[in-house]
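Residue indices begin at 1 and follow the sequence shown.
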Amino acid sequence: MENTTGLCVLWVVLLLGCVISSESKYIRYNTTTSIDPGKINVHLVPHTHDDVGWLKTIDQYYVGSNNSIQAFFQRWWREQSDDIRNIVKGLVKSGQLEFINGGFCMHDEAATHYIDMIDQTTLGHQFLNEEFGVTPRIGWQIDPFGHSAVQAYLLGAEVGFDSLFFARIDYQDRAKRKDEKTLEVVWRGSKSFGSSSQIFSGAFPENYEPPSNFYYEVNDDSPIVQDDVNLFDYNVPERVNEFVAAAISQANITRTNHIMWTMGTDFKYQYAQSWFRQMDKFIHYVNQDGRVHALYSTPSIYTDAKHATNEAWPIKTDDYFPYADRVNAYWTGYFTSRPALKGYVRLISGYYLAARQLEYFKGKSALGPKTDSLAEALAIAQHHDAVSGTEKQHVANDYAKRLSIGYTEAEKVVAESLGCLTEGATKTGCKNPQIKFQQCPLLNISYCPASEVDFSNGKNLEIVVYSPLGWKREDIIRIPVVNENVGVRDSSGKRVQSQLVPIPDFFLGLRNYHTMAYLGVSPTVKPKYWLAFPATVPPLGFSTYYVSYAQNEATISDRHAAHKPKNGSDIITVGLENLKLTYSVTEGKLTEYINSRSKVKEALEQAYKFYAGKGVDKDETVPQTSGAYIFRPDGSPFPINSKRKKSPLIVFRGPIVHEVHQQIDSWIYQTTRLYKGKEHAEVEFIVGPIPIDDGVGKEIATEIKTNLASNKTFYTDSNGRDFIERVRDYRKDWHLEVNQPVAGNYYPINLGIYLKDKRKEFSILVDRAVGGSSIMDGQLELMVHRRLLEDDSRGVAEALNETVCIHNTCTGLTVLGKYYFRIDPVGEGARWRRSFGQEIYSPLLLAFTESDAHQGESHVTTFSGIDSSYDLPDNVAIITLQDLGDGKVLLRLAHLYEIEEDKYLSVKATVELKKLFSSKQIKKITEVSLSANQERAEMERKRLVWQVKGSPRESKVWRGGPVNPENQIVELAPMEIRTFVISFRP
């Protein structure tokens with residue numbers, strides 16, 4: 001159910017068959033009809049669409065002022081008396097009131113990560129199950145701006161939905177589907193699962209609105225049915241004729257004799273009587289007329305009617321991106337819009353996964369801090385006008401505020417859990433740990449008070465490093481320190497190699513400004529270096545490291561400023577061990593990538609450019625500007641050249657990391673890092689404030705060009721899960737008329753993008769949702785920031801011109817982010833994309849406390865939540881480990897690879913639950929649906945089986961078998977996610 005859909009259905013029930021008074025007599029309208037198999041059946045589905053934030057905040061939409069953050073029906077429900085609740089429960093029990101979709105919101109499908117989609121859907125489904133004992137059957141994604149393959153198979157079929165309905169598909173695609181009667185299809189969104197996760201899907205003929213002239217909000221101007229013959233303007237015949245004509249018109253583009261009319265749209269039914277009075281009349285008089293048959297319906301009734309026809313349906317694969325609603329209007333800008341919010345959502349998502357694990361290890365507290373408020377804030381942030389970046393500025397601020405409030409409570413959960421675990425306490429023994437941990441949520445801008453201390457007083461900084469991944473992990477820790485007199489040791493007292501990298505003034509300026517903006521305080525300490533050192537962390541566990549006063553232990557990075565060629569060479573090479581990058585001093589640009597282990601050598605070039613956002617053009621018949629939703633560049637991109645004369649390449653070298661610093665422009669700063677033991681490059685960018693003093697809005701992209709012969713083909717992920725093949729200027733489902741050669745080739749990216757030829761493959765991974773493409777062969781680009789001066793006329797009525805303010809003085813938004821790239825022999829890139837992709841999503845969690853030199857001897861310094869001899873397979877991740885209370889836990893295991901993606905890892909994997917829960921005794925294992933609201937076996941038993949046209953060939957579908965209660969081993973086939981509720985013995 002999206003927001004108030006359930007309330008609309010409720011009103012349908014209350015008004016069925018009621019007696020309605022006209023001015024001169026009572027008429028009993030007959031609305032109790034069912035399906036007529038011999039006629040066109042017009043299913044009238046009353047609905048509204050109330051966004052959980054868009055032009056106003058969620059609170060403002062609901063009551064104008066409310067500190068809770070539950071979604072709308074849940075809010076309404078909690079305000080009702082027992083009498084009203086019992087009435088509603090009775091309607092649900094009788095089948096008169098039905099919930100559809102059922103998520104905490106109607107999530108976006110481009111900028112959302114699959115784990116967040118699962119979590120927010122589960123949150124809503126849990127509420128419906130607990131309060132009503134129901135499991136939604138229908139997906140209702142009517143407003144997201146394009147539709148993903150993951151939505152179809154994972155958040156559709158795998159949660160037990162029998163159908164999925166939506167509105168927004170490309171205008172060219174829609175026109176062809178109308179001609180061919182293929183608006184309704186069987187969608188197979190997964191290459192790995194094929195028909196086993198297909199779902200009946202329907203795109204509406206236009207939007208999610210009624211046919212023209214059938215709108216009945218109080219202020220709408222559609223003609224009412226005036227059925228009193230004693231008054232002027234009696235119009236029953238005319239209105240019935242219009243109804244029949246509209247029904248036949250839609251039937252002519254729809255298979256079978258069933259069509260759906262979506263009777264409502266945004267924010268309707270504020271006075272429901274005006275709608276239902278007219279629908280009652282239409283049903284009554286249209287059925288008296290007899291040419292077509294009208295009835296009150298729901299999406300479930302409609303789905304069952306379609307299924308009962310035994311029609312064979314055309315097959316749809318892949319997805320419905322990108323979406324354009326008319327010429328020159330590609331909704332591909334929102335893939336990047338509000339990049340700081342997108343980054344914050346992704347950061348919080350990974351933190352929430354880790355916090356739930358630690359909450360489980362400690363034991364969920366009934367009275368103390370919990371992760372629940374963060375769960376709700378994160379769920380709302382998945383809304384299709386939240387993480388999408390298509391809301392007004394004050395609404396975006398509200399989403400961020402809610403995330404911050406939720407994070408603050410979850411931060412306490414993490415601190416208490418780590419305190420208990422380091423003190424060796426079990427679930428029965430720890431309430432108020434003595435060890436108090438701090439965390440540094442602004443570490444990305446080098447602000448971490450815990451580490452910015454003078455260690456000369458003999459104190460240690462104790463750092464607990466937690467990894468939520470299921471395998472042993474080695475990574476580099478970076479923290480700011482005030483001077484060079486530091487050293488690092490592990491929990492055994494062994495010295496750990498470390499390196500000091502100077503923090504540039506540009507970065508310190510960013511730190512000082514944003515610390516004041518976010519915290520309202522100016523930093524009192526100025527850190528001088530990043531301290532970098534390697535950490536090794538056990539699966540689902542932590543290691544402890546100590547930073548203390550030491551002289552000449554940490555290596556200070558060698559600094560080299562490359563102004564001009566030296567000794568006749570124009571080349572600078574950086575990199576430790578296998579990977580090297582080469583730069584041209586004269587050009588100030590990256591020129592070559594060399595991996596001595598894999599024998600990959602490739603010329604490449606990295607640069608920044610901007611697309612001028614299209615402004616108002618009065619000469620256009622249908623003007624279209626670039627805005628929050630729409631990406632419409634005004635001509636070719638403009639290069640942003642490195643300011644070579646003012647800013648040379650600055651290179652820092654040491655035993656842990658090599659860094660190349662580039663001041664691209666006064667508002668673009670880039671650092672490229674190559675770490676010891678890693679075979680990829682990390683690129684950190686600081687972009688902004690984007691200058692607009694020339695009156696031109698700008699959309700900033702970074703690109704890397706190679707010589708790979710990619711033949712127009714590249715691959716982007718679907719919500720961080722499956723990769724989908726893209727071909728430039730081409731659509732598989734129709735002949736594309738190209739009118740926007742750049743914007744029309746942009747796709748959403750949550751994990752990564754790659755291309756390949758016969759010898760190599762080139763991959764880029766991202767730290768948040770962005771838009772990206774391959775505009776020419778061998779080239780990949782990411783749009784990293786947007787600042788625009790015009791609204792794009794899609795409803796938000798506000799230019800995408802983000803600012804950060806201090807004391808009412810505002811500057812344009814600056815974005816700090818990262819992406820990562822690597823080149824592999826063809827066929828070998830998937831392992832890095834999948835394994836390192838998990839590390840990006842789940843970074844190491846750092847917690848700090850001050851300790852004396854011997855404190856580590858008195859508490860636990862190394863911990864793993866699983867058997868000490870066990871690691872999860874390289875192709876499996878734990879995406880949910882959540883304490884449900886009453887001795888139960890929710891566990892989700894995800895296979896990370898698609899079929900045929902990797903020679904060695906696209907195979908069945910096994911997980912030993914006995915070793916995963918080695919400290920407990922498992923009593924019962926129940927496999928459930930993806931959203932954990934029903935047993936998996938029951939879901940499969942109820943699933944509708946749809947007929948398809950032809951006999952399409954598909955690979956053999958793999959699925960893991962039942963879990964043997966004796967050996968308790970879970971099998972996972974490629975791309976499979978399995979969800980379990982596990983009960984433990986006391």
Exercise: do Gln670 and Tyr608 side chains pair donor with acceptor under 3.5 Å: yes
Hey, are Asp722 and Tyr153 close enough side-chain-wise for a donor-acceptor pair under 3.5 Å? yes
Once rounded to the nearest 0.5 Å, what's the spacing between atom CZ of Phe821 and atom CG of Leu581? 5.0 Å
If I take atom CH2 from residue Trp471 and atom CG from residue Leu469, how far apart are they, to the nearest 0.5 angstrom? 5.0 Å
Is a side-chain donor or acceptor of Ser451 paired with a backbone partner of Pro480 at a separation under 3.5 angstrom? yes
Establish, from distance only, whether the side-chain atoms of Ser557 and Gln499 form a donor-acceptor pair under 3.5 Å. yes
Once you round to the nearest 0.5 Å, how far does NE2 of His895 lie from CG of Leu905? 7.5 Å
Asp318: which of Lys732, Arg726, Arg731 passes salt bridge (Lys or Arg N to Asp or Glu O under 4.0 Å): Lys732
May I ask you to check if Arg833 and Phe723 form a cation-pi contact, with NZ or CZ under 6.0 angstrom from the six-membered ring centre and within 45° of the axis? yes
Would you tell me whether Asp777 and Asn711 have side-chain atoms, one donor and one acceptor, within less than 3.5 Å of each other? no
Can you measure from OH (Tyr747) to CG (Asp717) and round to the nearest 0.5 angstrom? 13.5 Å
Indicate the ring-plane relationship of His680 and Tyr820, choosing parallel, tilted or perpendicular according to the 30° and 60° boundaries. perpendicular
Any carboxylate oxygen within less than 4.0 angstrom of a Lys/Arg side-chain nitrogen, looking at Glu474 and Lys678? no
Does the Arg787 side chain pair with the main chain of Ile700, one donor and one acceptor, at a distance under 3.5 Å? no
